[in-house]
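First the structure, in the form of structure tokens, and then the observations on it.
For the numbers below, each heavy atom of this structure counts, side chains included, while hydrogens, waters and symmetry mates do not. First the proteins, then the strands, lettered A, B, ... as listed; each starts at 1.
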Amino acid sequence: MTSASQPTTQLPLRAQVRDAVARAWQRAVARGALPGVADGTVLPAVDLDRPAHPEHGDFAASLAMKLARPYRRAPLDIAAAIAAEIAAEAAAGDGTSPIASVDVAAPGFLNLRLTDTALATTIGTILADPVGWGRVPAGKRRAVNVEFVSANPTGPLTIGNARGAFVGDLLCRVLEAGGQTVTREYYFNDSGTQVGKLGASVVALRHAEPVPEEGYHGAYVEDLARELPGDVLAAAQAPGADGADIIGRWAGARVRTGIEASLERLGVHFDVWKSEGSLHAEGWVERAVERLRAGGHVYEQDGAVWFRSTTFGDDKDRVIYRSDGRPTYFAADIGYVTEKFSRGFDHLIYIWGADHHGTVARTRNAAEAMGYDRDAVQMLLYSWVRFIRDGHEISMSKRAGEFITLDELLEEVGVDAARWFFASRAATTGIDFDIELAKKQSAENPVYYVQYAHARIASILRKATAVGIAPASGVGELLGGGPEAALARAIVRFPEVVEDAATSEETHGVTAYATMLATEFHAFYRDARVVDEADPERSASRLALVSVARITLANALGLLGISAPESM
RNA sequence: GCGCCCGUAGCUCAGUGGAUAGAGCGUCAGGUUGCGGACCUGAAGGUCGUGGGUUCGAGUCCCGCCGGGCGCGCCA
């Protein structure tokens with residue numbers, strides 16, 4: 001299996017160092033400096049940390065301390081044995097080792113420092129392939145379906161939908177960076193009770209009658225009533241027609257178009273819009289229930305059809321068809337699982353609000369009962385955002401027409417600032433979003449700090465072009481102990497950050513990294529003049545370095561769906 | 001009552017069992033006749049809710065308690 005477009009991605013530095021440590025460990029064992037262990041003994045993996053203090057080097061390994069128990073040896077002795085092998089390989093100078101030096105520190109750390117060659121080589125690869133910088137090699141490539149937002153089209157998206165939209169899209173971007181193929185999917189019901197109530201509300205307003213009890217209020221309902229075409233109204237009033245449903249579907253389609261536009265505005269594009277009705281119409285629900293029945297996981301009681309969810313550890317069984325024969329929401333859910341897998345996905349992710357955690361078990365149980373791997377069905381639950389204005393939590397009711405739309409929020413705060421806000425916080429923690437504070441702080445939001453660094457570099461590059469100095473193809477002999485070294489070290493960490501984000505399915509590491517990199521750049525800018533017509537050679541090398549810093553900032557922001565402006 | 005999530009600096013939040021617990025904002029004190037001052041340097045600010053336990057090592061893992069959120073429908 002070959003691919004012509006296979007990029008020649010260099011192994012990330014962390015992986016190179018990890019391999020070098022593993023080689024040294026193996027040689028130490030082979031030479032008898034470290035003991036063998038009995039078969040079946042579980043040995044630790046070689047994990048690397050980024051030390052908190054620069055004097056501890058570029059990477060630290062706690063391997064020796066973890067080997068102390070199985071080897072029945074002092075950690076310092078083990079560390080010394082491995083360090084000797086690392087030093088030997090580094091001293092050979094044949095270019096295999098990215099490690100310049102190794103120190104042993106109490107109580108058993110291996111502190112590792114990168115060679116300038118490893119740094120310079122990495123920077124060269126960034127210049128050669130800016131787009132590929134930060135894409136990490138795909139582990140097990142998967143086709144992933146990510147379903148999120150999925151608000152029914154009974155009204156515009158509100159700030160209550162904001163976190164799901166951002167968290168879902170950010171997850172998709174992180175998975176894509178990790179080499180996975182992602183489909184963004186939106187699930188909605190445009191024929192249910194709630195949409196019918198919307199239809200009834202529209203009709204009432206059209207006839208200048210009061211909105212029915214339990215109906216929908218708000219300016220958008222009035223707009224719909226005004227825009228309702230005569231032929232739709234006529235069809236709804238035809239004898240025997242379900243008027244509310246017909247008007248509701250029309251209104252739902254209209255609202256859905258608005259929702260799609262809002263989502264595009266904040267940079268979220270959905271690949272698939274799936275209606276609940278189609279799952280029933282195409283027989284997915286029926287077939288899924290049959291599949292459960294064939295496995296003996298279904299029974300009838302009190303006139304209803306139940307899924308025996310308790311078989312798989314749930315605390316109660318769940319109704320699929322009510323005693324009046326109508327399917328529950330859960331029925332559509334299990335049909336949807338089979339429909340998704342039928343499209344070839346091997347992993348499904350649901351982005352749900354924390355209030356849905358009660359439905360996680362039953363859905364995964366049903367997937368397992370139907371013969372799917374329950375681990376292939378994953379729910380990511382995000383916690384609520386409390387929106388605060390004037391010191392009070394904003395309470396909202398879509399039905400009463402009291403809400404702040406997502407569009408309004410983004411207009412106040414800005415898409416980049418809002419994306420940064422959600423990207424820099426773990427999805428599972430409850431957070432406060434003070435709108436006044438967000439507006440007030442928008443000018444000193446960290447996102448602008450990062451964007452400013454990017455724009456500043458762009459300005460430097462423009463200046464260099466104006467005076468006729470072009471960036472070199474690499475940083476040459478520039479590193480050493482000069483101001484370049486710290487910036488170069490910050491830049492080359494980027495693939496690790498992406499890898500960790502993809503593994504943890506969280507993005508706050510990326511925002512923290514981008515802030516740190518911007519700080520390093522600003523410090524470099526203070527200490528080193530980049531464009532200096534008196535020294536064009538050094539200028540060219542420094543231009544190469546700041547170009548790479550710009551690429552890295554742009555790719556980090558791009559990973560979060562945030563713009564990287566040339567000027568601001 | 002039971003289940004899940006959360007509790008870290010004045011505020012908003014990071015912290016994949018590792019070294020002296022970090023960032024942004026806010027506060028205070030400084031810095032530029034050079035490529036963008038939306039910048040830089042420094043300071044103050046913490047019994048990591050609490051009490052035990054496991055471990056060479058616990059903010060991180062386990063148990064109890066306190067406080068907050070969510071859920072426990074033939075609702076969606």
Side-chain angles (χ1 to χ4, degrees), chain A residues 47 49 51-53 55-56 60-62 65-66 68-69 74-75 105-109 111 150-152 154 189 192-194 276 301-306 315-316 318-333 353-361 381-384 386 420-421 424-434 437-438 440-441 443-453 455-464 466-467 469 500 503-504 506 508-509 511-512 515-516 518-519 521-523 525-533 539 542-543 546 567-568:
Chain A
D47 287 325
D49 292 314
H53 305 283
E55 62 270 24
H56 291 147
S62 56
M65 289 177 284
K66 289 174 177 140
R69 179 181 293 273
F109 288 104
N111 289 332
S150 297
N152 281 340
T154 55
N189 183 4
T193 323
Q194 297 308 322
E276 183 182 333
Q301 187 182 306
D302 304 329
V305 178
W306 298 71
D315 50 6
K316 56 186 72 167
R318 306 293 172 176
V319 172
I320 302 173
Y321 289 107
R322 290 175 263 230
S323 47
D324 63 5
R326 287 157 51 231
T328 60
Y329 182 86
F330 175 58
D333 259 358
D355 58 331
H356 278 66
H357 78 77
T359 63
V360 170
L381 302 179
Y382 60 87
S383 296
W384 293 128
R386 298 194 321 148
W420 184 276
F421 180 86
S424 57
R425 288 149 172 83
T428 49
T429 44
I431 52 179
D432 286 353
F433 194 121
D434 187 319
L437 206 60
K440 199 176 106 237
Q441 288 186 345
E444 53 256 20
N445 190 305
V447 70
Y448 299 116
Y449 177 79
V450 175
Q451 289 180 319
Y452 179 70
R456 214 177 194 186
I457 298 173
S459 170
I460 292 172
L461 295 174
R462 283 193 297 271
K463 165 95 178 179
V467 302
I469 303 175
D500 291 345
T503 304
S504 63
E506 291 282 5
H508 47 255
T511 56
T515 306
M516 182 277 288
T519 300
F521 165 71
H522 287 308
Y525 177 88
R526 179 196 64 217
D527 295 334
R529 185 170 179 80
V530 178
V531 180
D532 183 358
E533 292 177 75
S539 293
R542 286 184 169 169
L543 281 168
V546 297
S567 64
M568 51 193 292

How is K66(A) classified with respect to the nucleic acid when contacts are heavy atoms under 4.0 Å: base, sugar-phosphate, or nothing?
base
Between C40(B) and Y449(A), is there an OP1 or OP2 to side-chain N/O distance shorter than 4.0 Å?
yes
Could you check whether T428(A) gets within reach of a base, just the sugar-phosphate, or nothing at all, counting any heavy atom under 4.0 Å?
sugar-phosphate
Please work out if R529(A) contacts a base, only the sugar-phosphate, or nothing of the nucleic acid, heavy-atom cut-off 4.0 Å.
base
Applying a 4.0 Å non-hydrogen cut-off, can you work out what A453(A) is touching in the nucleic acid: base, sugar-phosphate, or nothing?
nothing
Which part of the nucleic acid, if any, lies within reach of D324(A) when heavy atoms closer than 4.0 Å are counted: base, sugar-phosphate only, or nothing?
nothing
Donor-acceptor pair under 3.5 Å, N111(A) side chain vs A19(B) base:
yes
Heavy-atom nearest nucleotide on RNA chain B taken for S62(A) and for N189(A); more 5' hit belongs to S62(A)
Scan nucleotides 69-71 of chain B against the protein and return all N/O pairs shorter than 3.5 Å with their distances rounded to 0.1 Å.
{"residue": "C70(B)", "atom": "O2'", "partner": "A354(A)", "partner atom": "O", "Å": "3.4"}
{"residue": "C70(B)", "atom": "O2", "partner": "H357(A)", "partner atom": "NE2", "Å": "3.2"}

Under a 3.5 Å cut-off for both contacts, is G22(B) paired Watson-Crick or G-U wobble with anything, and if yes, with which nucleotide?
C13(B)
Any base atoms under 4.0 Å from L381(A), or only sugar-phosphate, or nothing? Heavy atoms, all strands.
nothing
Donor/acceptor link under 3.5 angstrom from S323(A) side chain onto base of C74(B)
yes
Under a 3.5 Å cut-off for both distances, is G67(B) Watson-Crick or wobble paired, and to whom?
C6(B)
Heavy atoms only, 4.0 Å cut-off, all strands: where does A528(A) land among base, sugar-phosphate and nothing?
base
Hunt down the Watson-Crick or G-U wobble partner of U33(B), both distances under 3.5 Å, from any strand shown, or write none.
none
Pair partner, G46(B) [Watson-Crick or wobble, under 3.5 Å]:
none
Stacking between Y452(A) and the base of G36(B) (centre distance under 5.5 Å, interplanar angle under 30°)?
no
Should the pair R425(A) and F421(A) be classed as cation-pi, given the thresholds of under 6.0 Å to the six-membered ring centre and 45° from the axis?
yes
